[in-house]
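Taking it in order: structure first as structure tokens, then the write-up.
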Amino acid sequence: VNRTRAIGRLGGLAASTAAAAPFAFLWVQMMSNADDPLTARARLDMAIWMAVFGTPWMLAAWLLWRAWWRRAGARLATLDGQGWLLAAAAATLPGDRRDWGTAMAAELAQVPGGAPRWRFAAGCARAAVFPPRGTRAAVGVTGALAATATTATALATGAALPAGRVFALTFVGLLGGLATLTVARSRRVRRAGPGPAVAGLALAGIAGCVAFTAYYLAEYPSTHRGHPPTTAATLPPVTAVVLAVVLAGCLWLALTPPRWLVGDRHGRRFGVGMALALVAGFVATSRLALRGVDLVDGGMMSYLLFAAPVMVLAGSAAAGAAGRSFRAGLWACAWATVLGAPLLIVAWLAEAPRWYRQVGGLLLDADGGVGMGANLGDAIWWTLVVLVLWALPLGVLGAAAGSARARRRRARERADLAPTA
Amino acid sequence: MGSFGRPSGRATAVVLALAEQPATWRYGYELCERLDLAAGALYKALMRLADRGLLETAWERDLPAGRPPRHLYRLTGPGRALAAELAAGPPVRPTPARVVGGVGRRPRPEGT
């Protein structure tokens, strides 16, 4: 018991440190790359900003570690090396082969120690990571379709939309690869796991993103920004790849989510609600601001930095309270991010032309003298920064706060049931 | 072979081993030891056979305290029919792997 506790505490410390490390690294980089020598005050200001963004991540990492350790870690602490190897490999099994992982682990318990155990565990791990392929014909057809679609995309975008070639190729290639992997690893292709609302919302968001990206690239293949203004591609290769990875990842998670993400209906419902609320709030704030209502200072940045994270925090807390579990709040936060990111990009790109017409600047900060196409990069990067870097850890904190009462009650019940000396 | 394609050498070895006592439930490590198959090869074969409906699976009951229940395997009706066809058919050509032991033994060249 003491060893389990010690490992648990050490793991929590390691998780928090790992979460803080990127922010510390970023601060060091900014200090060393500054053009002019920075004053002590400027260094302190930057350190405070890093702490503001880093502290929620540190707390979130510690909470996630603690939840995982209580659920599975304590059991894993009792395993030997062979058991760890097999448990890690079995975690990658598709949902419809989950029982096989349990079967292998139960069998390992009967295998005598030493080399036979390592051989058995290694063999089982190989079978778990590379389970038998699905119908070979289906894998072949899916792979061939994926290759054809990628080639067709390369030809079509090369001729019709050269500015979107990197994005289109990466997106279609990733989707084809993921589809082939799904068919190859699963016994049968499953229906969309999380239900029609989640799948429909994800498809609508991703289709909207692709359509708006194509529109922006067709209208504004290059844009000017900066002081002095320079002209550059509206969608540089790095941004194009990031957008493709995000959209393909969202679609993958929404259509074939891992089994741990679909278990809680409160999580799904609150996640869908939060994603819709984020977008509705974004559009309503934008329209009111354009009508002269003094809601945001300049552009929509303050909505993104303050209102959106508060909505995720409150929504995750509500999900945790309604589902009476940390997991319910956590999954709500995850679904809000997965569904909200594409929808927020769509809303951004749909609203940006209004801002450009009425304010003469960008939607983010009403900055003038910049090309309309700059909204595309802003929409992609700021959505990711706000949702992933800022709102996601706050959602984890919200989930913990919302479920605290239920966890305290369960702890009291366990204490009441425990045998007295 | 009915509606099923001819199974691989390893799967054939597993089917024939299970067919020796078709009513008896067997467990994974026992089959590994009996057929001298690597665990990875055995479990892949078991998964394929179960996917095709040739294998019936169940969890062990009445087990001693502290031991996790094991997964048990035996042939279904179509599995037994397949085993009968395999036993009556031409000798199984084993896959180039560790399929030695009682069933599916790789024939050695004469004089060795």
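Chain letters run A, B, ... following the sequence lines, proteins first and then strands; every chain starts at 1.
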Scanning both residues in full, the closest heavy-atom pair of P116(A) with Y29(B) reads CB-OH, 4.4 Å
Residue from R48(B), E30(B), E33(B) scoring the most non-hydrogen pairs under 4.5 Å with chain A is R48(B)
Is the number of heavy atoms from other residues, nucleotides or ligands under 6.0 Å of R410(A) CZ greater than 12?
yes
Looking only at heavy atoms, the pair that brings A106(A) and P68(B) closest together is CA-CG, 3.9 Å
Output for pair (M47(B) CE, L93(A) CG), nearest 0.5 Å, gives 6.0 Å
Separation between NE2 (H71(B)) and OG1 (T102(A)), nearest 0.5 Å, reads 8.5 Å
Looking only at A122(A), A105(A), G123(A), the option with the highest number of non-hydrogen pairs under 4.5 Å against chain B is G123(A)
Most contact-rich option vs chain B, by heavy-atom pairs under 4.5 angstrom, among W100(A), F130(A), F120(A), is W100(A)
On a heavy-atom basis, the closest approach of Y43(B) and A127(A) is CB-CB, 4.1 Å
When the 4.5 angstrom heavy-atom criterion is applied to L72(B) and chain A, the contacting part is neither
CG of L42(B) to CE of M104(A), rounded to nearest 0.5 Å, is 9.0 Å
Counting heavy-atom pairs under 4.5 Å with chain B, the top scorer among Q110(A), E107(A), R126(A) is E107(A)
* Asked: Does a sphere of radius 6.0 Å around CZ in R324(A) hold more than 12 heavy atoms from other residues, nucleotides or ligands, not counting ones at 6.0 Å or beyond?
  -> no
